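One structure is given below, encoded as structure tokens.
Keep in mind that the numbers below use all heavy atoms, side chains included, and drop hydrogens, waters and symmetry copies. None of these values were measured; they are calculated from a predicted model. A note on names: the letters A, B, ... follow the listed sequences, proteins ahead of strands, and every chain is numbered from 1.
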Protein chains: 2
Amino acid sequence: MSLTPFADQDATGRRVLSAALRLFVEKGYFNTSVADIVRASGVSTGAIYHRFGDKQHLAETLLDSLMRGIENQFATLLTGDSDPLTRIRALIRLMLQQAEADPQMVTFILYARHREFLPEHPPICALRPFELMRDLVTEAQRASLLPDLDPLVLSAQVFGPTLRLIQARIDGVLPRPLPDYEADLLRALDYLMQEGDRNHAAAAMA
Amino acid sequence: MSLTPFADQDATGRRVLSAALRLFVEKGYFNTSVADIVRASGVSTGAIYHRFGDKQHLAETLLDSLMRGIENQFATLLTGDSDPLTRIRALIRLMLQQAEADPQMVTFILYARHREFLPEHPPICALRPFELMRDLVTEAQRASLLPDLDPLVLSAQVFGPTLRLIQARIDGVLPRPLPDYEADLLRALDYLMQEGDRNHAAAAMA
DNA sequence: GTCTATACGTGGATAGAC
DNA sequence: GTCTATCCACGTATAGAC
């Protein structure tokens, strides 16, 4: 579990990566020059190139480091042996808190066009954290806690609204902090779950 | 109602904009040079600069022209006097069809980081089409057809899953064409609506 | 209105000293 | 391992002919 960002980097690496993160989010990857990163981080051009090879590799390291952090957070949260619905609720809560607490990270992860500067990188939703989300939904579904829909639709149904709200917040069209909407999001989720219950009951009767 | 893309442009404009759209989606705005657009469109550098001023303004024209097309489509669909839920269903259907039929357009609209190259442009979800989506939800809510949640949460709940599936399709993680998922998406929506019914009944009883 | 050739600035990357 | 000065390629935008 790592609350410190870039826990897998040393002091210099952290300074560079956090400066790069800020600049990439504020101005975009292509509008940020290495010189900008040098200024913002206080680390010299030479040191940056020595460490990261080139600008693209720097961005890749940044993304990987952030993803590792998220993966750890998710893992800690999901190792508990609570039932899948409780874990889904906890995950939604975590996503809202995280997006409000560290919008830069979340923006860069969810919202930057990585393919444009990292053509080889797989899309975010093909990576572990998103995979975990889908697994969680499938598990709940197998326990008849959620309705019998296509798993991909169901994942979209369970986590889509939260992700949309996060995007809305990032775009500046949500007036209040994200956790304020948690209760309503979870209520909507409950309706889906109740539907799971009804299916369950119907199946038992047949 | 305009099915022809760039209906508001003449022949030259259309050639340039459709080439630019394809390149921007494939390689990204910053990885596309004006020379690339010249090659792909067969229109000369001079003509392009004469018409569009500069590369940024070209991108802006492209985005605006596409948004106008969508706005028209939405408008035709929403002028009918059918009840709001029918219109919501029709809108979801349209979005799925459109995203499957013209993924380039949808990718550029929903998924490109416009702020990086059009810093002055308002975020997509602040524009008319998204506004119409929110209005539609509020209307259904006032008629007690949807549960009494925060309107922004409810919009996310109604359209979020569809938008997530579209993104998944664009990222290549959906195996089947989008309209194949329509039925399941609408079923999930029905659960929300039923909840609206129950609230409605409860309110009537009190 | 359209074309080609070109100027100019920017920025990624490196060389070579320390 | 770190720094600074510098090189060179690329791409936007324009000048000026047709």
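- Ion pair R113(B)/E116(A) not flagged as a salt bridge, since none of the NZ, NE, NH1 or NH2 atoms sits closer than 4.0 Å to an Asp/Glu carboxylate oxygen.
- Note on ring orientation: taking the six-membered ring where Trp is involved, the planes of F117(B) and F30(B) are perpendicular (angle over 60°, cut-offs 30° and 60°).
- Looking at heavy atoms from C-beta onward, L63(A) lies in side-chain contact with I124(A) at the 4.5 angstrom threshold.
- Sorted by residue number, the members of residues 16-38 of chain A with any non-hydrogen atom under 4.0 Å from DNA chain C read T32(A), S33(A), V34(A).
- Which of dT4(C), dC3(D), dG1(D) sits closest to the side chain of S44(A) comes down to dC3(D).
- The phosphate of dG1(C) has OP1 or OP2 within less than 4.0 Å of a side-chain N or O from H50(B).
- R169(A) pairs by the salt bridge (Lys or Arg N to Asp or Glu O under 4.0 Å) definition with E100(A), not counting sequence neighbours.
- We find that CZ of R39(A) is positioned 11 Å from C1' of dG11(C), with the value rounded to whole Å.
- Considering only residues two or more places apart in sequence or on other chains, Q167(B) meets the side-chain contact (heavy atoms from CB on, under 4.5 Å) condition with Y111(B), R164(B), D171(B).
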Polar atom pairs (N or O), protein with nucleotides 14-18 of chain C, under 3.5 Å:
none

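- Closest to the side chain of A47(A), from the set dC3(C), dT2(D), dA13(D), is dT2(D).
- Rounded to whole Å, the distance from CG on D10(A) to P on dG1(D) is 9 Å.
- In the set dA13(D), dT2(D), dA13(C), the nucleotide with an atom closest to the side chain of K55(A) is dA13(C).
- With rounding to whole Å, L58(A) atom CG is found 11 Å from dG12(C) atom P.
- A salt bridge links R39(A) to D36(A): at least one charged side-chain nitrogen sits closer than 4.0 Å to a carboxylate oxygen.
- Within a 6.0 Å radius of CZ in R93(B), other residues, nucleotides and ligands contribute 12 heavy atoms or fewer.
- Here the C1' atom of nucleotide dG11(C) and the CG atom of D54(A) are 13 Å apart, to the nearest Å.
- R51(B) has its CZ atom 8 Å from the P atom of dG1(C), to the nearest Å.
- Legend: ring-ring contact (aromatic ring centres under 6.0 Å, His included) pairs involving residues 5-25 of chain B, not counting sequence neighbours, sorted by first then second residue: F24(B)-Y29(B).
- Checked against side-chain contact (heavy atoms from CB on, under 4.5 Å), L94(B) has the following partners two or more places apart in sequence or in another chain: Q73(B), F74(B), L77(B), L91(B), Q98(B).
- Distance, H57(B) NE2 to dT14(D) P: 14 Å, rounded to whole Å.
- The CD1-C1' distance, from I48(A) to dG11(C), rounds to 14 Å in whole Å.
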